[in-house]
Amino acid sequence: MTDAATPRRRGRPSRTETEAAPATRDRILHAAREEFSERGYEKTSVRGIAKAAGVDSALVHHYFGTKEQVFEAAIEVAFAPALAAPNAVEDGPLDTVGERLTRFLLGIWENPTTRTPLLAIVRSAVNNDTAAAVFRRLVAAQLLRRIAGRLDLPDAELRAELAAAQLVGVAMLRYVIKVEPLASADVERIVERVAPVVQGHLTAP
């Protein structure tokens, strides 16, 4: 954080600030994830992110641009664990891909460290059209198309989207809305019931 006695300078970053760019960008991204998580997309401002990061808002604009672009950069980092999901499709036989993908994605949600930023992303996307568009671009470009590309089956993109819809629906009800008994059910029982449905979406004739 910036020392309280030292005011934040406005305008373009100095040479010293430029040389410290990686650390500054990381601090801004961390602050952005915290702000979006606590306040949601609509109530978060670039000024608030800058204040939390201990920098001037001009520096946030310099590194990232608009609030939408800050949000996209922040959620891409937070969404990174889920981007390994296509590996679950590729690493093993096609007749068990539903279980591997279901287990992998629910495992991310079960882990409190990875669940917290995902909750922030989903809540922002549900409540704001701009945030939803950013999330949709990220999911479509970096997750669903990669999964579809590894299926090598007819209607691969539709198959990937239906499988994702199944898993997102489960995640929404279990982790966001917390509908019982799903919210308290053992994760292995959920995998047992959901995986065959996901398998059907991905590989059924």
Side-chain angles (χ1 to χ4, degrees), residues 1-88 90-91 104-147 164 168 171-172 175-176:
M1 296 291 290
T2 303
D3 187 271
T6 305
R8 295 188 299 272
R9 287 199 301 272
R10 296 184 178 278
R12 296 181 65 81
S14 67
R15 180 177 178 180
T16 301
E17 289 171 330
T18 301
E19 291 171 349
T24 302
R25 292 182 84 262
D26 288 346
R27 193 163 73 250
I28 293 171
L29 283 177
H30 177 77
R33 287 194 297 272
E34 293 290 324
E35 290 291 301
F36 286 123
S37 178
E38 293 178 10
R39 303 174 186 277
Y41 184 86
E42 290 188 355
K43 294 183 179 180
T44 296
S45 66
V46 170
R47 181 176 296 179
I49 293 170
K51 183 178 179 181
V55 301
D56 189 82
S57 57
L59 203 58
V60 179
H61 288 299
H62 173 77
Y63 286 127
F64 298 102
T66 65
K67 184 174 83 168
E68 179 181 343
Q69 291 170 313
V70 179
F71 179 73
E72 186 162 9
I75 71 169
E76 187 166 1
V77 173
F79 198 66
L83 295 180
N87 297 334
E90 188 175 62
D91 297 341
F104 176 82
L105 291 176
L106 288 183
I108 293 174
W109 280 99
E110 286 292 304
N111 184 337
T113 301
T114 48
R115 180 172 65 241
T116 299
L118 283 177
L119 286 171
I121 294 169
V122 171
R123 286 168 179 158
S124 292
V126 167
N127 293 317
N128 182 271
D129 289 342
T130 301
V134 172
F135 185 45
R136 187 163 54 245
R137 286 199 303 270
L138 179 64
V139 171
Q142 298 200 37
L143 184 60
L144 295 182
R145 287 175 189 165
R146 288 177 58 204
I147 291 176
V168 169
M172 285 288 292
Y175 305 103
V176 181

Contacts of type side-chain contact (heavy atoms from CB on, under 4.5 Å), residue Asn111, not counting sequence neighbours: Thr113, Thr114
Which heavy atom of Ile49 sits nearest to which heavy atom of Ala31, and what is that distance? O-CB, 3.8 Å
Do the numbers put Lys67 on top of the ring of Phe36, so that NZ or CZ is under 6.0 Å from the six-membered ring centre and no more than 45° off the axis? no
Sequence-distant partners of Tyr175, ring pair (Phe, Tyr, Trp, His ring centres under 6.0 Å), two or more places apart: Trp109
State which residues pass side-chain contact (heavy atoms from CB on, under 4.5 Å) with His61; sequence neighbours excluded, sorted by chain then number. Val46
Looking at residues at least two apart in the chain, or sitting in another chain, which of them share a side chain to side chain donor-acceptor pair (under 3.5 Å) with Arg115? none
To the nearest 0.5 angstrom, please state how far the OG1 atom of Thr44 sits from the CZ atom of Arg33. 13.5 Å
Shortest non-hydrogen separation from Ala50 to Val60 and the atoms involved: CB-CG2, 3.8 Å
With sequence neighbours left out, the residues meeting salt bridge (charged side-chain N to carboxylate O under 4.0 Å, His left out) with Arg39 are Glu35
Which atoms form the tightest heavy-atom contact between Ala125 and Ala132, and what is the distance? O-CB, 3.2 Å
In chain order, what residues pass the salt bridge (charged side-chain N to carboxylate O under 4.0 Å, His left out) check against Glu68, with sequence neighbours excluded? Arg137
Check: Glu72 and Phe64 side chains under 4.5 Å, non-hydrogen atoms: no
